[in-house]
Q: 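Handing you this structure, nothing more for now.
Values reported hereafter were calculated over all heavy atoms of this structure, with side chains retained and with hydrogens, waters and symmetry mates removed. Order of the sequence lines sets the chain letters (A, B, ...), proteins ahead of strands, with each chain counted from 1. These numbers were taken from a predicted model, which means no experiment stands behind them.
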2 protein chains.
Amino acid sequence: MARIAGSSGPRTEEAIRRAGLSLIATHGYAAMSLRQLAAEVGIQQGSLYNYFRNKQEFLFDLIRGHMLDLHAALDAALLPEGSAEARLTRFTEFHVAYHVERPQEVFICYSELRSLEPDNLAAVVAMRRDYERKLGEILDDGRATGEFHLADTRMATLAILAMLSGICTWYKPGGRLSTDGLQEIFTGMVLALARGETQALARGEAAETVAVPARRRGALRAGIG
Amino acid sequence: MARIAGSSGPRTEEAIRRAGLSLIATHGYAAMSLRQLAAEVGIQQGSLYNYFRNKQEFLFDLIRGHMLDLHAALDAALLPEGSAEARLTRFTEFHVAYHVERPQEVFICYSELRSLEPDNLAAVVAMRRDYERKLGEILDDGRATGEFHLADTRMATLAILAMLSGICTWYKPGGRLSTDGLQEIFTGMVLALARGETQALARGEAAETVAVPARRRGALRAGIG
DNA sequence: GTCTATAGAGAGATAGAC
DNA sequence: GTCTATCTCTCTATAGAC
């Protein structure tokens, strides 16, 4: 990635941001060296410190910035009123579109929580709780009105978010499905899940206990040492 | 973690395995140093090389070993015949139980794929494809028999696996729900999702385009430099 | 099989010239 | 704002005594 010599602060900052997102999403925060990052941007490693105080702060800025964007975008997209089904549909459409639009940032926000120092982690977790709460309220409302039949709205919240957020682990631009197509398919699945009401039927048919066998022995390379 | 001095190969091996799972699940492969690992086991860092040739091989052994266990356990648990609903129920019960039983290993198998070298990654991805295929066949069969009404069975496969595998990111032993309780709740949600058939209803109500706003400017720390 | 000691490479971060 | 140079630390991996 060649670079025009000379000063160009804002452009450099944006280039660092983009290169960082890409490198962290691909290799992980701990595995990305600042030398790699600088090379990708086309500057020297020491110059990075004009843009952050240390590597941890860089990660936190990326994640916090994304969370702020996400919340602002969600608040703008959500329906303030309407049926729970309509609101859940809107939530799902938004969530899918956002994940398709910025898969790297979303992925990092899940996968690099472990790399945040305690204070930074706490700040991000609080924002994430808030996001979960907004979905949880829709599900609770829908259960109260009888639109949804969920055994456990907290589990449903986690299940729906995991299902939708999984998109950023496999989505590639230019794939078989458009954003619209993905929204329609996932909206259908989420609504079906929330409407539920048929939980008990099939379970009796296969309700023997499913045991998980014990771990194999000698897991590490046999024959060494 | 104190240790009885002297030789004890098999016990040391198991201790390394367990400490490695814990450290990698907590901090990640790249962030775990072999000094940390050795300290956790109670041996010196150089001694680890009696148990693996290098750090990468250690990771691959952990992941491959887990995938072998997982496949063997799934094959033992799956119903060879029966309705698609019964087979999907059984699949879900198994998957939930396995994730509750070994959350660390499962988590590593998702989160550390990025840390595998190309050949090792290819081997693991192939095993994972096989696992997805087994779920995909159940969904296809159910759609053929009319038990399931899914717009896209490939998306449903990914969605169900993401939803179930998310368990290992938040499950802690001794929580509010037992394994049985989780199996029942998740089986209910998976079956409701698969039965579907109501996709188009609510969508018209909230079908305006949901736009994702542009990225904020100045994402990195303002005012530095 | 475990230990001590160390080689050799690469990491994050800083200083000062331009 | 960027560069070169370097400090200091930690990392993986190896060698050889016991």
Side-chain angles (χ1 to χ4, degrees), chain A residues 1-17 19-20 23-24 27-62 112 115-117 120 218-225, chain B residues 1-17 19-20 23-24 27-62 112 115-117 120 218-225:
Chain A
M1 209 182 252
R3 178 177 192 282
I4 298 104
S7 296
S8 59
R11 259 186 301 171
T12 303
E13 174 166 338
E14 182 58 18
I16 293 172
R17 208 190 113 83
L23 286 172
I24 295 175
H27 305 295
Y29 167 78
M32 174 195 74
S33 77
L34 295 182
R35 283 178 173 78
Q36 268 184 294
L37 176 61
E40 195 75 16
V41 175
I43 59 176
Q44 293 303 308
Q45 185 243 338
S47 302
L48 291 172
Y49 287 83
N50 287 311
Y51 296 92
F52 47 73
R53 268 195 279 275
N54 52 54
K55 194 185 176 191
Q56 167 73 201
E57 189 186 87
F58 177 53
L59 176 65
F60 181 54
D61 285 345
L62 286 180
E112 296 299 349
S115 303
L116 289 171
E117 289 169 5
N120 294 339
L220 300 185
R221 194 147 205 106
I224 210 182
Chain B
M1 211 182 254
R3 179 176 192 280
I4 298 103
S7 296
S8 60
R11 260 185 302 170
T12 303
E13 173 165 339
E14 183 58 18
I16 292 172
R17 208 190 113 82
L23 285 171
I24 294 174
H27 305 296
Y29 167 79
M32 175 196 73
S33 77
L34 296 182
R35 280 178 175 80
Q36 268 184 294
L37 177 60
E40 196 76 15
V41 175
I43 60 176
Q44 292 304 307
Q45 185 244 337
S47 302
L48 291 172
Y49 287 83
N50 287 310
Y51 296 93
F52 48 72
R53 270 197 276 275
N54 52 55
K55 195 185 175 189
Q56 167 74 199
E57 188 187 84
F58 177 54
L59 176 65
F60 182 53
D61 285 346
L62 287 180
E112 295 299 347
S115 302
L116 289 172
E117 290 168 4
N120 294 339
L220 300 185
R221 195 150 207 104
I224 210 180

Q: Please report the closest heavy-atom contact between Leu37(B) and Gly20(B), naming both atoms and the distance.
A: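 Of all heavy-atom pairs spanning Leu37(B) and Gly20(B), the closest is CD1-N, 3.5 Å.
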Q: Heavy-atom distance under 4.5 Å between the side chains of Leu48(B) and Phe58(B), does that happen here?
A: no
Q: Between protein and nucleotides 11-18 of chain D, map the contacts as a letter string: B base, S sugar-phosphate only, - none, heavy atoms under 4.0 Å, written 5' to 3'.
A: BBBB----
Q: According to side-chain hydrogen bond (donor to acceptor under 3.5 Å, both in side chains), who are the partners of Gln56(A), at least two apart in sequence or on a separate chain?
A: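 Residues passing side-chain hydrogen bond (donor to acceptor under 3.5 Å, both in side chains) with Gln56(A): Asn120(A).
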Q: Can you check whether Glu14(A) reaches Arg11(A) side chain to side chain, under 4.5 Å on heavy atoms?
A: no
Q: Specify the separation, in whole Å, of atom CG of Leu48(A) and atom C1' of dA11(C).
A: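 It works out to 13 Å between those atoms.
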Q: Shortest non-hydrogen contact from Gln36(B) to Met32(B)?
A: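 Nearest pair, atom of Gln36(B) first, then Met32(B): OE1-CA, 3.5 Å.
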Q: Can you tell me how far C1' of dG12(C) sits from CG of Leu59(A), to the nearest Å?
A: 15 Å
Q: Is the closest side-chain heavy-atom distance between Lys55(B) and Tyr29(B) below 4.5 Å?
A: yes
Q: Calculate the interatomic distance between Arg11(A) atom CZ and dT2(D) atom C1'; express it in whole Å.
A: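 It works out to 14 Å between those atoms.
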Q: Can you check the Ile43(A) CD1 to dT4(D) C1' distance for me, whole Å?
A: 14 Å
Q: When you measure from the side-chain N and O atoms of Thr12(B) to the phosphate of dG1(C), is any distance below 4.0 Å, counting only OP1 and OP2?
A: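 No, because none of the side-chain N or O atoms of Thr12(B) sits under 4.0 Å from OP1 or OP2 of dG1(C).
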Q: Separation of Tyr51(A) atom OH from dA13(C) atom P, in whole Å?
A: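 Taking OH of Tyr51(A) and P of dA13(C), I get 18 Å after rounding.
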Q: Rounding to an integer number of Å, can you tell me how far Gln44(A) CD sits from dG12(C) C1'?
A: 15 Å
Q: Figure out the CG/P separation between Leu37(A) and dT2(D), and round it to whole Å.
A: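 Going from CG in Leu37(A) over to P in dT2(D) covers 13 Å.
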